[in-house]
Amino acid sequence: RGEAPDEPGSGLAERSFAKNLTLALLRWSQPEVSVARRRSCRIDDERVLFLWTGEPEGHEEERSALLDDLSGFAARITERGGRYAVVFVPTKLRVYASHCRWPDETELADSAVQGAFPEWLGAWSTRTGVPVVDLTDPLREALAAGRPPWFWGDTHWNEVGHEVAARAVATSAPVRAWLAEPAGR
């Protein structure tokens with residue numbers, strides 16, 4: 001019938017011997033890929049997979065070019081009377097790492113894997129005066145409250161992640177200041 005194992009009517013006793021044997025052979029012949037074990041953790045009883053884990057080493061030139069581009073965007077927008085802020089969207093690993101129970105063979109438990117881009121971005125913000133809205137803490141707070149903001153095995157936000165990000169940006173200091181300014185600025 002093609003039922004998923006957790007659907008009603010798909011219990012072991014309700015499946016044929018041939019189907020159970022086939023499923024067992026599939027599990028034995030297609031073991032979990034070791035990278036999936038190294039790139040996942042457990043939070044409570046749920047497994048969480050990390051596909052993108054942070055900044056690879058040796059990309060300093062790219063970071064510098066990115067910060068230069070952000071400065072250029074800010075200059076062009078403010079020259080035309082616009083307002084500009086940068087929103088830092090952290091990786092799932094940066095938000096989830098402190099909640100994880102890691103397998104022994106993972107390198108992801110080391111916080112250095114997450115990279116130092118937020119520090120670079122903060123220093124750039126201080127130097128240029130361009131505000132940065134960092135979503136790390138609001139996303140961590142949602143996770144701590146039992147509302148995971150990412151899909152378990154994906155790099156994309158679920159509905160909680162989108163809600164948290166929208167609220168954090170809308171209530172951020174730069175947006176509040178912009179909204180408080182008189183019309184016609």
Side-chain angles (χ1 to χ4, degrees), residues 39-41 43-44 46 48-100 102 106-185:
R39 295 291 175 127
S40 65
C41 75
I43 297 178
D44 298 322
E46 186 169 347
V48 177
L49 183 63
F50 300 95
L51 302 173
W52 172 251
T53 58
E55 299 175 75
E57 291 182 29
H59 289 263
E60 289 78 14
E61 288 179 19
E62 291 177 20
R63 286 184 275 204
S64 296
L66 175 62
L67 296 176
D68 289 345
D69 287 344
L70 292 174
S71 295
F73 297 148
R76 285 191 295 280
I77 289 170
T78 55
E79 284 170 2
R80 291 171 175 83
R83 299 174 183 125
Y84 186 78
V86 172
V87 177
F88 175 69
V89 179
T91 62
K92 180 180 180 180
L93 177 61
R94 185 175 297 279
V95 172
Y96 281 55
S98 64
H99 295 270
C100 284
W102 296 103
T106 188
E107 69 277 8
L108 300 183
D110 180 0
S111 63
V113 171
Q114 298 172 29
F117 192 73
E119 291 78 15
W120 282 57
L121 195 56
W124 170 83
S125 175
T126 299
R127 198 170 53 251
T128 63
V130 175
V132 172
V133 178
D134 186 344
L135 300 181
T136 305
D137 286 340
L139 291 166
R140 283 179 177 162
E141 290 165 9
L143 180 63
R147 300 178 64 224
W150 272 269
F151 292 107
W152 78 270
D154 199 346
T155 58
H156 296 92
W157 287 332
N158 58 25
E159 68 281 359
V160 173
H162 286 279
E163 172 204 332
V164 168
R167 182 166 291 132
V169 170
T171 61
S172 67
V175 172
R176 285 194 326 265
W178 298 336
L179 293 173
E181 290 178 7
R185 175 198 166 268

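What's counted below: heavy atoms across the whole structure, side chains too, no hydrogens, waters or symmetry copies.
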With a 4.5 Å cut-off on side-chain heavy atoms, are [Y] and [X] touching?
X	Y	result
Leu121	Leu70	yes
Ser40	Val48	no
Pro149	Leu143	yes
Pro174	Tyr84	no
Ser125	Val86	no

Considering all heavy atoms of both residues, which atom of [X] and which atom of [Y] are nearest to each other, and what is their separation?
X	Y	value
Val132	Phe88	CG1-CB, 4.3 Å
Ala85	Val130	CA-CG1, 4.3 Å
Asn158	Pro148	ND2-O, 2.8 Å
Val160	Ala142	CG1-CB, 4.2 Å

- Could you walk me through whether Glu141 and Asp137 pass the side chain to side chain contact (heavy atoms under 4.5 Å, CB included) check? CA-CA 6 Å; Glu141 290 165 9; Asp137 286 340; 4.3 Å; yes
- Mark yes or no for whether Lys92, through its side chain, and Trp152, through its backbone, hold a donor-acceptor pair below 3.5 Å. yes
About how many Å separate [atom2] of [Y] and [atom1] of [X], when rounded to the nearest 0.5 Å?
X	Y	atom1	atom2	result
Leu135	Arg94	CG	CZ	12.5 Å
Thr91	Phe117	OG1	CZ	12.0 Å
Ile77	Arg83	CD1	CZ	12.5 Å
His156	Phe151	NE2	CZ	9.5 Å
Thr155	Leu93	OG1	CG	12.5 Å

- Message: Other residues, nucleotides and ligands only: do more than 12 of their heavy atoms fall within 6.0 Å of CG on Asp69?
- Response: yes
- Check the angle between the aromatic planes of Trp102 and Phe50 and answer parallel, tilted or perpendicular using the 30° and 60° thresholds. tilted
- Output, in order, the C-alpha distance, side-chain angles, deciding distance and verdict of side chain to side chain contact (heavy atoms under 4.5 Å, CB included) for Leu139 and Trp150. CA-CA 9 Å; Leu139 291 166; Trp150 272 269; 3.8 Å; yes
